[in-house]
Amino acid sequence: MRLNETTVILGQKVVLVPYRHEHVLTYHGWMKSQELQELTASEPLSLEEEYEMQKKWQIDQDKLTFIVLFNANTRDDSSQLVPEILDWPLDSAPLPSFADCQMIGDVNIFLKGTPQHLRTASSDEDQESFEAEAEIMIAEPEYRRKGCAIEALRLLLEYTTREHQFTNTLSAPSTESSDPLPVRPETLVIRVSESNEPSIRLFGKLGFQVTKRVEVFQEIEMRWRRPASPN
């Protein structure tokens with residue numbers, strides 16, 4: 001997505017960076033894994049196709065993609081997540097703050113339909129037709145179950161919604177009125193295999209609730225629900 005092509009989100013355990021040409025070779029290597037193909041419901045692509053896909057995703061207005069890096073300067077403590085948004089100009093070297101960080105996965109939002117703030121008076125789309133589908137993949141096994149996935153999602157979801165529901169601290173830059181973001185958090189949805197218990201628990205911690213089971217695909221749909229206000 002053009003909107004995030006120079007955006008870096010620096011967290012405590014992870015750094016989110018835009019998906020660029022230099023990431024494709026590693027990503028292509030990951031997607032040769034049958035396990036990851038099954039978990040992501042993906043078909044393997046040739047390296048040339050992978051490079052073409054990266055270029056397409058960089059400009060598509062309905063796909064928000066970040067590569068997840070492990071923050072080499074992370075602290076193993078319980079201090080509050082205090083993320084920061086940085087600018088990484090195109091065709092420039094990696095910023096010093098994440099030059100040595102290892103690439104460990106990716107996190108995405110796929111937009112379906114037209115966000116409410118971009119609809120015209122003549123639009124025949126109903127309010128429920130728009131959704132923002134989230135996905136996360138930690139491809140490097142040694143970085144799973146270390147809190148990287150949930151932090152990456154918190155950063156992504158707050159960047160996407162501009163609401164302090166997920167980190168309480170991230171202040172994303174304002175966007176143009178023609179941009180597809182921000183989206184209402186109530187439009188967030190995920191779809192995972194019903195056997196993928198780790199992902200179901202992960203999204204449950206972030207406020208997603210099971211809303212549908214699709215038996216034919218053995219798939220579960222979960223949608224974000226705003227916590228009830230205390231009486």
Side-chain angles (χ1 to χ4, degrees), residues 1-9 11 13-72 88 90 94 98-112 131-157 159-160 188-203 214 217-222:
M1 186 180 282
R2 290 287 190 197
L3 186 62
N4 78 312
E5 66 180 351
T6 65
T7 300
V8 172
I9 307 178
K13 293 183 178 181
V14 300
V15 182
L16 305 188
V17 300
Y19 184 29
R20 294 191 178 176
H21 184 275
E22 57 264 40
H23 300 127
V24 174
L25 193 59
T26 298
Y27 189 89
H28 179 66
W30 287 341
M31 298 315 296
K32 292 179 181 178
S33 161
Q34 186 173 352
E35 176 199 16
L36 292 179
Q37 289 173 25
E38 291 174 356
L39 287 173
T40 59
S42 301
E43 295 291 331
L45 300 177
S46 69
L47 182 57
E48 181 178 325
E49 289 172 328
E50 208 77 78
Y51 277 112
E52 287 300 314
M53 185 69 73
Q54 181 273 327
K55 287 191 287 187
K56 183 175 184 296
W57 282 22
Q58 188 172 356
I59 61 174
D60 279 355
Q61 281 294 83
D62 60 353
K63 298 178 182 68
L64 177 68
T65 297
F66 284 99
I67 292 296
V68 181
L69 308 180
F70 182 72
N71 189 349
W88 180 20
L90 294 171
F98 64 90
D100 298 324
C101 296
Q102 181 172 341
M103 182 174 163
I104 64 171
D106 74 332
V107 65
N108 310 283
I109 291 282
F110 299 99
L111 305 180
K112 176 184 175 184
E131 63 182 29
E133 184 170 356
E135 292 184 353
I136 177 79
M137 176 180 73
I138 300 298
E140 298 292 345
E142 63 268 35
Y143 291 97
R144 296 172 188 167
R145 298 178 179 84
K146 295 183 181 295
C148 296
I150 195 166
E151 182 178 306
L153 282 167
R154 281 178 171 148
L155 297 174
L156 175 75
L157 296 179
Y159 178 81
T160 303
L188 295 170
V189 60
I190 66 117
R191 296 179 177 91
V192 296
S193 167
E194 62 184 11
S195 64
N196 192 343
E197 289 292 337
S199 286
I200 294 169
R201 289 194 299 271
L202 172 66
F203 282 96
V214 185
F217 296 121
Q218 297 183 317
E219 184 179 79
I220 285 176
E221 175 186 284
M222 301 177 72

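Treat the numbers as computed from the prediction; the structure is a model and nothing was measured.
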How long is the span from the CD atom in Glu35 to the OG1 atom in Thr40, to the nearest 0.5 Å?
-> 10.0 Å
Can you name the nearest heavy-atom pair linking Val107 to Ala152, along with the distance?
-> CG2-O, 4.5 Å
Validation row: His28, Gln54 side chains within 4.5 angstrom (heavy atoms) | no
Residue Glu48 excluded, over 12 heavy atoms near CD under 6.0 Å = no
Got Leu45 and Glu52 here, is their nearest side-chain heavy-atom distance under 4.5 Å?
-> no
Do Arg20 and Leu90 have side chains that get closer than 4.5 Å, going by heavy atoms?
-> yes
Distance in Å, Ile104 CD1 paired with Asn71 CG, rounded so as to fall on 0.5 Å steps | 10.0 Å
So with a 6.0 Å cut-off around CD of Glu142, is the heavy-atom count from everything else above 12?
-> yes
Pairing of Glu151 and Arg154 as salt bridge, 4.0 angstrom limit | no
Yes or no on side-chain contact (heavy atoms from CB on, under 4.5 Å) for Leu155 and Phe66, after CA distance, side-chain angles and deciding distance?
-> CA-CA 10 Å; Leu155 297 174; Phe66 284 99; over 6 Å; no
What one should report as the nearest heavy-atom pair of Ile138 and Arg144 is O-NE, 2.9 Å
Considering only NZ, NE, NH1 and NH2 on the basic side and carboxylate oxygens on the acidic side, decide whether Glu133 and Arg191 come within less than 4.0 Å.
-> yes
Validation row: Gln37, Pro44 side chains within 4.5 angstrom (heavy atoms) = yes
Might you point out which heavy atoms bring Ala72 and Cys101 nearest each other, and give the distance in Å?
-> N-SG, 3.5 Å
Quick one: pull up CE in Met1 and CD1 in Ile59 and give me the separation to the nearest 0.5 Å.
-> 12.0 Å
Side chains of Leu156 and Leu64: closer than 4.5 Å at any heavy-atom pair?
-> yes
Got a second to check how far Asp106's CG is from Ile136's CD1, nearest 0.5 Å?
-> 7.0 Å
At what distance, to the nearest 0.5 angstrom, does CD of Glu135 lie from OG1 of Thr65?
-> 9.0 Å
Taking the side chain as every heavy atom from C-beta outward, state whether Glu140 and Trp30 have any atom pair closer than 4.5 Å.
-> yes
Would you name the heavy atoms of Leu202 and Ala149 that are closest together and state the gap between them?
-> CD2-CB, 3.9 Å
Determine the interplanar angle of the Tyr19 and Tyr27 rings, folded into 0 to 90°, and report it as parallel if under 30°, tilted if 30 to 60°, perpendicular if over 60°.
-> tilted
Within a strict 4.5 Å, meaning less than it, do heavy atoms of the Val14 and Ile9 side chains meet?
-> no
Counting only N and O atoms by type, is there a donor-acceptor contact under 3.5 Å from the side chain of Asp60 to the main-chain atoms of Lys63?
-> no
Are the side chains of Glu194 and Glu219 in touch, meaning some heavy atoms are under 4.5 Å apart?
-> no
Heavy atoms only: give me the nearest Ser195-Ser193 pair and the separation to one decimal.
-> OG-OG, 2.8 Å
To the nearest 0.5 Å, tell me how far Ile109 CD1 sits from Leu188 CG.
-> 5.5 Å
Closest contact, heavy atoms only, Leu36 versus Met31 | O-CE, 4.2 Å
Just wondering, more than 12 heavy atoms not from Glu49 lying within 6.0 Å of its CD?
-> yes
